[in-house]
Each structure stands twice: as C-alpha cells, then as structure tokens.
Amino acid sequence: MHPSSLFSLSDHLGLLSKDGDPLEVLDGTVDFERFRDLLVDGLGYSNGAKGGRPPFDPVSMFKVLLVQAQHNLSDARMEFMIRDRLSWMRFFGFDLGASMPDENTIRHYRNRLTQSGTLERLMEAFDRQLREQGYLAMGGQIVDATLVPAPKQRNTEEEKAAVKDGKSANEIWPDKPPKAHQKDVDARWTLKIGGKVRHRPDGTPLPQIATPVFGYKSHISIDRRYGFIRRAKVTSAAQSDGRQLPDVIDTNNTAADVWADTAYRSKKNERWLARNMLKSCIHHRKPKGKTMPERTARANAAKSAVRARVEHVFAHQKGRYGLFIRTIGLARAEAKLTLANLAYNFDRLIFHERRAATG
C-alpha cells in the first residue's frame, strides 16, 4: 500500500474521537489530576535526587489500573492491551513507541497503592468531588452485597481445617513457599440461594436451588437520589451480610432512610439504626410457620421497588466488568473491588452529566 494512502496517527485518533471514544469521554468528565497528590503520597515517590530510572506518571498508572478493572484483565493481558490499543494509549498519556509499563510494573503499582491504603482514600476523594459538583448523598441509602468468585482451592481435609483455624499460608505450607504463595486462605465457600422464596398455600417454603461459591463478598451502600456507591467493604464469601451494616452506612446522607433485604434485619441492627437516628426500611421476614400478612407483603413490595436500584449496580459491574477475583488474599481482593467501585462511580457520573447536558 502506498504511504500516502495510510492514515496518520493523528487522523486515526481523530476518527476515534469522532466515533465517540468512551475513554476520551471519561477523561473529559473526571478530573484525574485532582488525584495526583494522593497517588504520589501513596506510591512514596522520591524527588529524583538519587537518580535512577524515572517512574511512570502516577495518574497514568492509576488510569491503567482503572481500565484493567473495567475489563477484568490479568496483568500480562493488560501489558499487551496497552501496546495494542491506540485509544488506551491516548487515555494513559503514553506515546507510541515509547516505554510502557509491563506486567510486573502494573502489579507493583497496584500493590503499593493497596499497601498504603491509597485506593480507599481515592474513593473518599472522588466522593468529595461529587459533593462539590452538587451530587450530594440524598434520599436515603440502599445497602446490599454480592458474591464475587475466586479461583477454587484444592486442599486436603487437614489443610482445610488449618485454613478454617485462621492459619496463614506460610504456616500451613512452611516447606513449600511457591505453593503457599499461590494459596488463598482468606476466601471462603458459601451457598448462593437462587431466586425469590415462594411458599405453598399452607405457608411452607418451596425448595430453592443452592449453588456453592468460593470467593469474596462485596458489600456496598448507594444513595437513592443519584445511585453512587458511597461506602463499601469486602469480606470473605462466608461472612454474614447483616453484620456488615454499620460499616457500609454513609453518615453524610441527607436523609435517614435505610433500605435493605431481610438478611440485614436483626434486633441488633434495628437498635443500631435507631441509636444513630436512622429509619429502618429493611424488609420484614415471613413469620415462621405462618403466611406473610398482606400488609407486610405490600410494605415489602414497596421497599423492593426502591431496593432494586442497588441490584443495577451489581448487574453493571458483573455484566460490563466481568467481576472475578484473580488475585490472592483479602487485601488484593479489596483493591480489585475498590477499583471496580470507582469505575462504576465514574460511569455513573458520565450518565448524570450526559443527562444534564441533554435536558
């Protein structure tokens, strides 16, 4: 092909912009530079006085981790995709043919941000940005949790017992460091009960399908007005939803209402909500051995119409991001899910800004 018939790089990028490059939209909606100081502090960058190879730009690397979370890519696959996608290169600020991060660099940056607690602070910083832009946490909050699978572990009965006793991987496999490095002793098995509970005419429940799941659980609360994730927590899959309620409540919400399903209804949680001047809109359970009173059923149905909004968050993350924990350990799972929560909030901001622009 004659060189004159080839598009120049700028022409190609111009066509991507014309077609609506989603990363360009993201870059124009979120002020990433406001994260720079937090990133520099969390990464522990020096002033360069000692020389050595200069590190990659911290904002660029944060964008790399964000896009990696959006596409659920391994570090090795992310290295390839950075070199392969021109639109991604532009978003990250990397020049074609210049040095780009490899899989070890990507892993290093994520680990540094995880160990320093910076990812959680970034979540809080973006929440402040939202409030400054007028997206206050309003209308009450909706709490829920979802299971996030991780690679299944193949352990002997003795090893399983050691894991349940809370021993570390190095304690369980002291003579096999490579094996210990690949073992996740924080994730747990649980049963996912599928579908809505249905009852026979006499009030007894019909059987439900129970699917075993190994991994972690993502607990979140969103504000009812705008649907942003305001608080989050990660636990093993076996942890009770209801026990996490105080940890995911957003005290900045302008309304007192708290919606959640029956997993969160307990005397302890009701007392905690009342003590903190919050109004419980948590579903009521069916009385044991009795039919659900019609009044309670209607009240639960009205609450479900509100509570369904949090299910859209998980559907977005699982459908678009393909949520799956590829890493080992709770701390890294928290990093993965915090990045996924940030990515969701960025997408949500784009949605609101577009709607405001179109009236």
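We count residues from 1, following the sequence as given. Side chains are part of it too, since the values below use all heavy atoms of this structure and drop only hydrogens, waters and symmetry mates.
Val258 is not listed as a side-chain neighbour of Cys281, based on a closest heavy-atom distance of 4.5 Å or more. Between Lys183 and Asn155, some side-chain heavy-atom pair lies under the 4.5 Å cut-off. Lys63 is not listed as a side-chain neighbour of Phe94, based on a closest heavy-atom distance of 4.5 Å or more. Put simply, the side chain of Val310 does not reach to within 4.5 Å of the side chain of Val143, judged on heavy atoms. Pro287 is listed as a side-chain neighbour of Pro293, based on a closest heavy-atom distance under 4.5 Å. Inter-residue side-chain proximity for Met78 and Val64 is flagged as met; some heavy-atom pair is nearer than 4.5 Å. Counting heavy atoms from C-beta outward, Ser304 and Val306 have side chains that stay 4.5 Å or more apart. Side chains of Ser221 and Ile229 form no contact here, defined as non-hydrogen atoms less than 4.5 Å apart.
Residue Lys217 is tested with Asp241, Thr146, Thr235 for a side-chain hydrogen bond (donor to acceptor under 3.5 Å, both in side chains); the sole match is Asp241.
Take His316 and apply the ring-ring contact (aromatic ring centres under 6.0 Å, His included) test, not counting sequence neighbours, and it matches Tyr321, Tyr344. Every residue two or more places apart in sequence or in another chain was checked for a ring-ring contact (aromatic ring centres under 6.0 Å, His included) with Tyr216, and none qualifies. With sequence neighbours left out, the side chain to side chain donor-acceptor pair (under 3.5 Å) criterion links Asp75 to Gln68, Arg107, Arg110.
Between Phe91 and Phe32, the gap from one ring centroid to the other is short of 6.0 Å. Aromatic ring centres of Trp173 and His181 lie farther apart than the 6.0 Å criterion allows.
By the 4.0 Å N-to-carboxylate-O rule, Glu157 lies close enough to Lys160 to be salt-bridged with it. Salt-bridge check for Arg231 with Asp247: failed, with every basic side-chain N at 4.0 Å or more from each acidic carboxylate O. Salt-bridge annotation for Lys179 and Glu159: present, with a side-chain N of the basic residue lying under 4.0 Å from a carboxylate O of the acidic one. Salt bridge present: Arg230 and Asp127 bring a charged side-chain N and a carboxylate O closer than 4.0 Å. The residues Lys267 and Glu270 are annotated as not salt-bridged, no charged nitrogen and carboxylate oxygen being separated by less than 4.0 angstrom.
Identified under the salt bridge (charged side-chain N to carboxylate O under 4.0 Å, His left out) test for residues 314-340, with sequence neighbours left out: Arg320-Asp347. Sorted by first then second residue, the ring-ring contact (aromatic ring centres under 6.0 Å, His included) pairs that include residues 249-276, not counting sequence neighbours, number zero. The salt bridge (charged side-chain N to carboxylate O under 4.0 Å, His left out) contacts involving residues 348-359 comprise nothing, where partners must be two or more places apart or lie in separate chains.
Other residues, nucleotides and ligands contribute more than 12 heavy atoms inside 6.0 Å of the CD atom of Glu132.
Scanning both residues, Met123 and Thr338, for their nearest heavy atoms gives SD-O, 4.3 Å. The two residues Ser280 and Leu273 come nearest to each other via the heavy atoms CB-CD1, 3.8 Å. Summarising the geometry of Val148 relative to Leu337, their closest heavy-atom pair is CG2-CD2, 4.0 Å, with the distance given to 0.1 Å.
Between Phe228 and His352, the ring-plane angle classifies as tilted under the 30° and 60° cut-offs.
In this model, a donor atom of one side chain and an acceptor atom of the other lie less than 3.5 Å apart for Gln317 and Asn341.
Leu86 and Leu26 fall within the same hydrophobic cluster, defined by Ile, Leu, Val, Met, Phe, Trp and Tyr side-chain heavy atoms under 4.5 Å apart, directly or through other members.
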